[in-house]
Amino acid sequence: MTLAVLDRPTAASRRPAAPVAWRSDVRGPLACTVVLSAAAVVLGTGWVPVVDRLLTGAGLAVAVAATAAVWATRRSRAGVRSMAVPAAHLLAVALLYAGTASPTVLLLLLGPLWLLASHPTRAGIPVAVGGTALVLLVPDLVGTASGAQHPLPGALLLGPLVVAAGSVAVNESRRRLLAQGHQIARLQREQAVLLEQVQSRADELDTASRILAARAQTMTSVIDAVTQQSIIGTDRDGTIRVWNPGAERMLGLPRLDVVRKRSILEFHEPEELSAAAESTGSPTPLEALVHAARTDGSDVRDWTYVAADGTHRTVSVAITPRADDRGVHAGWNFVGTDMTETRATERMKDQFVSLISHELRTPLSSILGYLELVMDDEDQPLTDDQRKYLSTVERNAQRLLRLVGDLLFTAQVESGRFTLQPADVDLAAVVRAAEETARVAAANAGVELVVEVPADGLVVSGDAVRLGQACDNLVSNAVKFTPRDGQVRLSLRRSWQTADGEVVADERPGAVPVALLSVADTGLGIPTGEQGQLFTRFFRSSTARRNAVPGVGLGLTITKAITTAHGGSLDLVSAEGQGTTFTMTLPLDPAA
């Protein structure tokens, strides 16, 4: 939006006004010229008798010279400030008065007296008063004119007084006019500056408006281009203001039927909102819907959407607050991805894994039991070849049993049935046990194992079996992914973690003690683009597939679940071809 009512200042409006005190003024010279020209005509025609032609001629000559001087200096600062020219006019009038002895000539005093009274300073007033008195006395001083033609005796006193009063009045008026002129000129200059500033701001506003309009158009285009996710924007009361084609496709209603007409709550399952309100203690369904986003700044979880045809869809909804251009909370954004088929597939997969695991566990246990009886039967001892063959069978059966156990464990984690048996656990002993377990495999692979643990141990509260399982997984993975002559380093140390998650070596205010268990290898490394999927069930990196590293992709998933269940975190740093470091951070009991 532009300020169309404001015109750009012209060059004339921006030009500073000339100072009024020195502005060229032709009114004074013009008045003197007119008056003296009229006097010359009157004298030339004989309407006013001439008593002394010499004085009259001298007066006209002085008047003409003074008038010429006024015209010549009308544009000069010195000419405006000079009082010589109006004084010369007074002398000319005095000579004409003496040469004609006519009081009518005294009218010619008006021009020079006005110029003196209008002088920029008050110095012209005494000159005007003195000049008037001199003019009235000149006839007597030069000895011309008859007494009857002289002014009244009181005129010698009254005339200068009147001139003095009038000059003061004219001078003050002139000064006030000059001051007002200066003020007007200053205001005009300020007006020009303000007009330039307003025009500049108007141009900036116009540019900003075009940029905002372009950004809004771009954002609208981006939102409308999303067809696989629903993007719904609401105000603070839940009334829908944004409804993209993805929302139309998912919920079966066009934009015109929804925007400003319906609430986001109409597309949620009421029972689900009621349960959420009860669990969070929210007073309204909308508050229950946005409770986590209001508290944490964002929230991503599954909700049930109800489409226009009554179909129920499981949607992963990312909820974030929305602010206006002033930064004030204006509503909520809901970005939804239809997960109905994905969640159904996951449930089927979990059921299948659980079913197969149970079905496999029983026969495997039976196989291992009978193998143990056969191999330990002293009445019917086995030959060396038989024992070798059965040992291979037992080793693979044990491997299958561990795999089944891993599958059952991941199913328990997914279903929320994973439990711990907490106790005091010495992590140093856990690390040493993991090193001992992996020693044979590492020696066969030509990989060096290095252990660095505190001599006095490091105790945490947790499940010893599960922590041992997690550590075993990290060490066995490191050994498998490290080529011959490589190294795997196991280290354990006490550290501190600040409130924002930063791990520091020294104690700080507000920091809590933690145990850092690191497993670093010099192996194949993990591509950067795959590191985010590394803890996903059954995921195997491209380096593992290319190098035919054995595994099914469950070890890191289990390790991550165990670490999270203990209130810790599992982080990794890796570069392809340079190795990988996994760091398990576990809260440390300060009393221990």
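Quick note: residue numbers are just sequence positions, from 1. Computed from a prediction, not measured in an experiment: that's the story for all the values here.
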Enquirer: Do H566 and D463 have side chains that approach each other closer than 4.5 Å (heavy atoms only, starting at C-beta)?
Expert: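 Touching, per the 4.5 Å side-chain cut-off.
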
Enquirer: Please determine which of L516, V512, V460 meets the side-chain contact (heavy atoms from CB on, under 4.5 Å) test together with L588.
Expert: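 Testing each of L516, V512, V460 against L588, the sole residue satisfying side-chain contact (heavy atoms from CB on, under 4.5 Å) is V460.
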
Enquirer: Atom CG of L286 and atom OG1 of T239: how far apart are they, to the nearest 0.5 Å?
Expert: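 Interatomic distance, L286 CG to T239 OG1, rounded to 0.5 Å: 9.0 Å.
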
Enquirer: Hey, does the side chain of S279 reach the backbone of A276 with a donor-acceptor pair shorter than 3.5 angstrom?
Expert: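 Between the backbone of A276 and the side chain of S279 there is a qualifying donor-acceptor contact (under 3.5 Å).
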
Enquirer: Do other residues, nucleotides or ligands put more than 12 heavy atoms under 6.0 Å from E271 CD?
Expert: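 Buried by this count: over 12 neighbours within 6.0 Å.
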
Enquirer: Just so I know, are the side chains of R343 and D302 near enough to count as touching, which here means a heavy-atom distance under 4.5 Å?
Expert: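 Of all side-chain heavy-atom pairs linking D302 with R343, at least one is under 4.5 Å.
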
Enquirer: How far apart are the closest heavy atoms of I562 and R466, and which atoms are they?
Expert: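 What the structure gives for the nearest pair is CD1-O, 3.3 Å.
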
Enquirer: What do you reckon, is CD of E204 surrounded by more than 12 foreign heavy atoms closer than 6.0 Å?
Expert: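 Result for CD/E204: enclosed.
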
Enquirer: Just verifying a value: how many Å separate D299 CG and H291 NE2, rounded to the nearest 0.5 Å?
Expert: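 These two atoms lie 9.5 Å from each other.
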
Enquirer: Determine, stepwise, if the pair V425 / V459 fulfils side chain to side chain contact (heavy atoms under 4.5 Å, CB included).
Expert: CA-CA 5 Å; V425 180; V459 178; over 6 Å; no

Enquirer: Any chance you could measure N333, atom CG, to T234, atom OG1, to the nearest 0.5 Å?
Expert: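 Rounded to the nearest 0.5 Å, the CG-OG1 separation comes out at 7.5 Å.
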
Enquirer: Provide the closest heavy-atom pair for L474 versus L556 in the form atom of the first, atom of the second, distance.
Expert: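 Nearest pair, atom of L474 first, then L556: CD2-CD2, 4.0 Å.
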
Enquirer: Is there a donor-acceptor contact under 3.5 Å linking the side chains of Q487 and R489?
Expert: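 Yes.
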
Enquirer: Identify, with sequence neighbours excluded, every residue that meets side-chain hydrogen bond (donor to acceptor under 3.5 Å, both in side chains) alongside R249.
Expert: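 side-chain hydrogen bond (donor to acceptor under 3.5 Å, both in side chains) check on R249 returns nothing, list empty.
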
Enquirer: Identify the residue among V514, L517, L467 that makes a side-chain contact (heavy atoms from CB on, under 4.5 Å) with L586.
Expert: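 Among V514, L517, L467, the one that satisfies the side-chain contact (heavy atoms from CB on, under 4.5 Å) with L586 is L467.
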
Enquirer: Report yes or no: does S282 contribute a side-chain atom to a donor-acceptor pair with the main-chain N or O of E278 at less than 3.5 Å?
Expert: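 No, the answer is negative, given that no donor and acceptor are paired below the 3.5 Å cut-off.
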
Enquirer: Please list every donor-acceptor pair under 3.5 Å in which a side-chain atom of residues 577-585 meets a protein atom from a residue at least two apart or in another chain.
Expert:
| from | atom 1 | to | atom 2 | distance (Å) |
| --- | --- | --- | --- | --- |
| T580 | OG1 | S574 | OG | 2.8 |
| T583 | OG1 | S518 | OG | 3.4 |

Enquirer: Does I558 reach the side chain of Q469, with side-chain heavy atoms less than 4.5 Å apart?
Expert: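 Counting from C-beta outward, I558 and Q469 do come under 4.5 Å.
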
Enquirer: Would you find more than 12 non-hydrogen atoms of other residues, nucleotides or ligands less than 6.0 Å from Q386 atom CD?
Expert: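 More than 12 heavy atoms, drawn from other residues, nucleotides or ligands, come within 6.0 Å of this atom.
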
Enquirer: Which residue pairs pass the ring-ring contact (aromatic ring centres under 6.0 Å, His included) test with at least one member in residues 244-273, sequence neighbours excluded?
Expert: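 Every ring-ring contact (aromatic ring centres under 6.0 Å, His included) pair that includes a residue of residues 244-273, provided the two are not neighbours, is W243-F267, H268-W303, H268-Y305.
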
Enquirer: Short question: side chain of E576, backbone of L524 - any donor-acceptor pair under 3.5 Å?
Expert: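 Checking the backbone N and O of L524 against the side chain of E576, no donor-acceptor pair under 3.5 Å is found.
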
Enquirer: Is a salt bridge present between E452 and R493, judged by a nitrogen-to-oxygen distance below 4.0 Å?
Expert: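 No, no charged N to carboxylate O under 4.0 Å.
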
Enquirer: Show the numbers, then the answer: is there a side chain to side chain contact (heavy atoms under 4.5 Å, CB included) between L449 and V479?
Expert: CA-CA 9 Å; L449 288 178; V479 171; 4.2 Å; yes

Enquirer: Show the nearest heavy-atom pair for residues V430 and C471, with the distance to one decimal.
Expert: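 Closest pair (atom of V430, atom of C471, distance): CG1-CB, 3.9 Å.
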
Enquirer: For A515 versus L427, what's the shortest heavy-atom pair and its separation?
Expert: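 Smallest heavy-atom distance, with atoms named: CB-CD1, 3.7 Å.
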
Enquirer: Apply the test side chain to side chain contact (heavy atoms under 4.5 Å, CB included) to residues F334 and L289: give CA-CA distance (whole Å), side-chain angles for both, the deciding distance (0.1 Å), then the verdict.
Expert: CA-CA 10 Å; F334 301 84; L289 183 62; 3.6 Å; yes

Enquirer: Could you tell me whether the side chain of N244 and the main chain of I231 form a donor-acceptor pair under 3.5 Å?
Expert: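 Checked: pair present.
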
Enquirer: Is any side-chain heavy atom of E394 less than 4.5 Å from a side-chain heavy atom of L368?
Expert: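 Yes, side chains in contact.
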
Enquirer: For D338, check salt bridge (charged side-chain N to carboxylate O under 4.0 Å, His left out) against everything at least two apart and list the hits.
Expert: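 If we apply the salt bridge (charged side-chain N to carboxylate O under 4.0 Å, His left out) test to D338, skipping adjacent residues, the hits are R313.
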
Enquirer: Of the non-hydrogen atoms in R387 and M375, which two are nearest, and what is the gap between them?
Expert: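 Looking at all heavy atoms of both residues, the shortest contact is NH2-O, 3.2 Å.
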
Enquirer: For T320, give me all partners under side-chain hydrogen bond (donor to acceptor under 3.5 Å, both in side chains), at least two apart in sequence or on another chain.
Expert: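 T320: no side-chain hydrogen bond (donor to acceptor under 3.5 Å, both in side chains) contacts found.
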
Enquirer: Could you check whether any side-chain heavy atom of P454 comes within less than 4.5 Å of a side-chain heavy atom of L492, counting everything from C-beta outward?
Expert: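 A side-chain contact under 4.5 Å exists here.
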
Enquirer: Quick check: are there more than 12 heavy atoms from other residues, nucleotides or ligands sitting under 6.0 Å from CD of E269?
Expert: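 More than 12 heavy atoms, drawn from other residues, nucleotides or ligands, come within 6.0 Å of this atom.
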
Enquirer: Is a side-chain N or O of T311 found less than 3.5 angstrom from the main chain of A307, in a donor-acceptor match?
Expert: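 Flag not set: sc T311 to bb A307 has no pair under 3.5 Å.
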
Enquirer: What is the distance from atom CG of D472 to atom CG of N477, rounded to the nearest 0.5 Å?
Expert: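 It comes to 11.0 Å.
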
Enquirer: Looking at E266 and S263, would you say the former's side chain and the latter's main chain have a donor-acceptor pair under 3.5 Å?
Expert: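 Pair found, side chain donor or acceptor close to backbone of S263.
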
Enquirer: Check the surroundings of atom CZ in R236: do more than 12 heavy atoms from other residues, nucleotides or ligands lie under 6.0 Å from it?
Expert: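 Count not over threshold, so no.
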
Enquirer: For residues W332 and A293, report the shortest heavy-atom separation together with the two atoms involved.
Expert: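 So the two residues come closest at CZ3-CB, 4.0 Å.
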
Enquirer: Side chains of D203 and Q199 only: does a donor on one sit below 3.5 Å from an acceptor on the other?
Expert: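 On atom types as modelled, these side chains qualify, holding a pair under 3.5 Å.
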
Enquirer: Could you please spell out the steps behind the side chain to side chain contact (heavy atoms under 4.5 Å, CB included) verdict for R494 and L458?
Expert: CA-CA 8 Å; R494 179 189 182 95; L458 198 58; 4.1 Å; yes

Enquirer: Hey, what do you get for CG (L251) to CZ (R262), rounding to the nearest 0.5 Å?
Expert: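 Between atom CG of L251 and atom CZ of R262 there are 9.5 Å.
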
Enquirer: Could you grab the distance from atom CE of M250 to atom CD1 of I232, nearest 0.5 Å is fine?
Expert: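 With rounding to 0.5 Å, CE (M250) is 8.0 Å from CD1 (I232).
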
Enquirer: Between the main-chain N or O of N473 and the side-chain N or O of S476, is there a donor-acceptor pair closer than 3.5 Å?
Expert: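 Yes, the answer is positive, given that a donor and an acceptor are paired below the 3.5 Å cut-off.
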
Enquirer: Please check this pair: side chain of D257 against backbone of L253, looking for a donor-acceptor N/O pair closer than 3.5 Å.
Expert: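 Side chain of D257 to backbone of L253, a donor-acceptor pair under 3.5 Å: no, none is there.
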
Enquirer: Does N444, at its CG atom, have more than 12 non-hydrogen atoms belonging to other residues, nucleotides or ligands within less than 6.0 Å?
Expert: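 Yes - once you tally the heavy atoms of other residues, nucleotides and ligands closer than 6.0 Å, there are more than 12.
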
Enquirer: With side chains defined as the heavy atoms from C-beta onward, is the minimum distance between T437 and V475 less than 4.5 Å?
Expert: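 No - every pair of side-chain heavy atoms lies 4.5 Å or more apart.
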
Enquirer: Does anything in residues 426-435 pair up under side chain to side chain donor-acceptor pair (under 3.5 Å), and if so which pairs, sequence neighbours excluded?
Expert: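 Qualifying pairs: E435-R439.
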
Enquirer: Report yes if some heavy atom in the side chain of V488 is under 4.5 Å from a heavy atom in the side chain of V450; otherwise report no.
Expert: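 No, side chains not in contact.
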
Enquirer: Find out whether L570 and T559 are in side-chain contact, i.e. whether some heavy atom of one side chain is under 4.5 Å from a heavy atom of the other.
Expert: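 Side chain of L570 against side chain of T559, heavy atoms only: contact under 4.5 Å found.
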
